[in-house]
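Single-structure report; data block below.
Counting starts at 1 for both ligands and their atoms, in listed order.
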Amino acid sequence: MSDSGHPTLTYFDIRGRAEGIRLLFTDQGIPFMDRRIRSADSWQAVKRSLPLRVLPHYSDPRLSITQSHAIMSYLGASTGMVPADPVGAAVYDEAYHAVAEVQEQLWQFAWQPEYQSHPEGFANGALTRYLIGLERLYLGNPGAFWIGERVSTVDYLAFVLLDELRAFFPATLAQFETLQAFHLQMAARPRISAYIGSRKQPVVFGMSLNGPKVDPAAVINPGDVFENPWREPIPL
Ligand SMILES: N[C@@H](CCC(=O)N[C@@H](CS)C(=O)NCC(=O)O)C(=O)O
């Protein structure tokens, strides 16, 4: 927990596995400390304190945990997003994990040589198949959200996934009009829109075989660098 008494989210200065959590806090108007580890020394110190040695880490007066999906699940339940009945909760989990699975596949692909040399194979093959499935799931819920009638962790996670496609696979995303419309609708939510426009959002989605995945829409100033615990600062 931070000195201010707000919950603390610790991660790197990338979107990655923390961005859905940042969006939830931001969109819900919940103050939190967005602690970003930028140097190898501070990462080694934090790492030693964590049983699983990975980030993101979340803490509040009651809880100290890692595992991004457990953090999302806790925050979703704490803010009344997750249905209380087991049937509703199972349907909710199905949607959440379907989105998380596609995100994982996208991130794994970024470590393949084809990410740079031949991304169309993935875009026109596996990615398109995943999006056909996700679109079917999304359309199964009447209304603007993935589950029920109000925004939830599923929407925040789906936005993070679709936003990375907006950046690096725009032609593929454009083939899915409803998913694209959902992406725009989330980006237009007032607090999310303000966050994106504020320069608080990390400009790097995550790491890949070829270095940081920098958002092509981000405003980069001369001399800006990506400070990270793994390598020398990388000029952006
Ligand atoms: N399943 C975990 C995976 C956590 C994970 O692998 N985190 C990475 C960053 S995305 C990490 O901390 N790696 C350790 C390192 O880079 O040394 C989650 O979703 O939180």
(request) Give yes if a backbone or side-chain nitrogen or oxygen of H69 is under 3.5 Å from a nitrogen or oxygen of ligand 1, and no if not. (result) no
(message) A quick test of your reading: do over 12 heavy atoms of other residues, nucleotides or ligands sit less than 6.0 Å from CZ of R129?
(response) no
(request) Decide whether the shortest distance between a heavy atom of P56 and an atom of ligand 1 is less than 4.0 Å. (result) yes
(request) Return the residue, atom name and 0.1 Å-rounded distance of the protein heavy atom closest to atom 3 (C) of ligand 1. (result) R17 NE, 3.6 Å
(message) Applying side-chain hydrogen bond (donor to acceptor under 3.5 Å, both in side chains) to S152 and Y96, what does each step give before you reach the verdict?
(response) CA-CA 9 Å; S152 75; Y96 183 92; over 6 Å; no
(message) Could you work out, for atom 20 (O) of ligand 1, the closest of S68, A100, G206 by heavy-atom distance?
(response) S68
(request) Decide, yes or no, whether a salt bridge links R150 with D155 under the criterion of side-chain N to carboxylate O below 4.0 Å. (result) no
(request) Measure Y58 to ligand 1 on non-hydrogen atoms and call it side chain, backbone, both or neither using the 4.0 Å cut-off. (result) neither
(request) Give a yes or no on this: more than 12 heavy atoms of other residues, nucleotides or ligands lie within 6.0 Å of atom CZ of R62. (result) no
(message) Tell me the closest heavy-atom pair linking E135 and E177, and the distance in Å.
(response) OE2-N, 3.9 Å
(request) Find all atoms of ligand 1 within a distance of less than 4.0 Å from any non-hydrogen atom belonging to W43, and give their numbers and elements. (result) 14 (C), 15 (C), 17 (O)
(request) Begin with the C-alpha distance, continue with both residues' side-chain angles, and end with the deciding distance and a verdict on salt bridge (charged side-chain N to carboxylate O under 4.0 Å, His left out) for E164 and K213. (result) CA-CA 9 Å; E164 188 161 340; K213 295 182 281 182; 2.8 Å; yes
(message) For atom 13 (N) of ligand 1, what is the closest protein heavy atom, and at what distance to 0.1 Å?
(response) V54 CG1, 4.1 Å
(message) Which label fits F25 and Y58: parallel for a plane angle under 30°, tilted from 30 to 60°, or perpendicular past 60°?
(response) parallel
(request) Could you tell me which atoms of ligand 1, counted from 1 in the order shown, lie closer than 4.0 angstrom to a heavy atom of Y11? (result) 10 (S)
(message) Give the atom numbers and elements of ligand 1 that come within less than 4.0 Å of a heavy atom of F12.
(response) 9 (C), 12 (O)
(request) Give yes if a backbone or side-chain nitrogen or oxygen of Q67 is under 3.5 Å from a nitrogen or oxygen of ligand 1, and no if not. (result) yes
(request) May I ask you to check whether W230 has an N/O atom sitting below 3.5 Å from an N/O atom of ligand 1? (result) yes
(message) Once you measure the plane-to-plane angle for Y138 and W146, does it fall in the parallel (<30°), tilted (30-60°) or perpendicular (>60°) bin?
(response) tilted
(request) Below 4.0 angstrom from a heavy atom of K47, which ligand 1 atoms are there? Numbered from 1 as shown, please. (result) 17 (O)
(request) Kindly assign one of parallel, tilted or perpendicular to the pair F109 and F122, based on the angle between their ring planes and the thresholds 30° and 60°. (result) parallel
(message) Does the residue L55 have a heavy-atom contact with ligand 1, meaning some pair of atoms that are separated by less than 4.0 Å?
(response) yes
